[in-house]
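Report on one structure; see the data block that follows.
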Amino acid sequence: MQSQNPFFDDLSRVASGALGALSGLRAEMEAMLRQQMERFTSGLDLVPREEFEVVRAMAAKARLEQEALEVRVAALEAQLTALSKPEAAKPKAAPKPKATPKP
């Protein structure tokens, strides 16, 4: 005695085959979509992620160096101001009286 009807076995095989075909179709559609997206993005002249990260790191380094130079320039300007203040604070010598001719 059979435990299952051959009709159901055939139906099960057909369903499994259909699911396999659908999963294959899905993979093919994903590949086609990926290819279309790559073609589209290559036409946009976009920067690859690796190059973007390198330029980003360079910009961050340049920003840090620029901030350090700003601090250094401010310190040098303060020194220059401090050096020029004592000269301005010195009293000017009184003008010499003009010699008057003797009569």
Side-chain angles (χ1 to χ4, degrees):
M1 184 168 181
Q2 284 184 329
S3 63
Q4 291 186 349
N5 191 341
F7 174 74
F8 291 122
D9 287 339
D10 290 342
L11 186 62
S12 172
R13 279 189 222 120
V14 169
S16 294
L19 288 177
L22 286 177
S23 66
L25 180 63
R26 177 179 173 243
E28 189 174 333
M29 291 297 290
E30 285 178 354
M32 288 175 55
L33 181 62
R34 187 176 299 116
Q35 186 181 28
Q36 289 290 336
M37 290 301 293
E38 287 176 2
R39 190 177 308 146
F40 175 74
T41 56
S42 69
L44 293 177
D45 195 29
L46 298 174
V47 177
R49 183 70 178 186
E50 295 82 22
E51 288 182 33
F52 174 77
E53 291 297 331
V54 168
V55 172
R56 184 177 177 186
M58 287 173 40
K61 181 181 176 187
R63 185 179 314 118
L64 290 174
E65 289 175 357
Q66 188 259 338
E67 289 171 357
L69 288 173
E70 281 181 354
V71 170
R72 186 174 173 194
V73 166
L76 289 172
E77 286 176 344
Q79 285 180 350
L80 182 62
T81 303
L83 289 175
S84 64
K85 280 186 180 180
E87 293 174 4
K90 289 182 183 177
K92 292 186 178 179
K96 293 182 183 178
K98 293 185 181 181
T100 56
K102 291 185 182 181

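What you see is a predicted model; the values in this text were computed from it and never measured.
More than 12 non-hydrogen atoms from other residues, nucleotides or ligands lie less than 6.0 angstrom from CD of E30.
By the rule that hydrophobic residues join a cluster once side-chain heavy atoms approach within less than 4.5 Å of another member, F40 and L46 end up as members of one cluster.
For the pair R34 and E38, the salt-bridge criterion is not met [side-chain N within less than 4.0 Å of a carboxylate O]. The residues E53 and R49 are annotated as salt-bridged, a charged nitrogen and a carboxylate oxygen being separated by less than 4.0 angstrom.
Annotation: the span from M37 atom CE to S42 atom OG amounts to 11.0 Å, rounded to 0.5 Å. Of the inter-residue distances, the one linking L64 atom CG with L69 atom CG reads 11.0 Å to the nearest 0.5 angstrom.
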Stepwise side chain to side chain contact (heavy atoms under 4.5 Å, CB included) check, M32 with Q36:
CA-CA 6 Å; M32 288 175 55; Q36 289 290 336; 5.5 Å; no
Does E70 form a side chain to side chain contact (heavy atoms under 4.5 Å, CB included) with V73? I'd like the steps, not just the answer.
CA-CA 5 Å; E70 281 181 354; V73 166; 5.9 Å; no
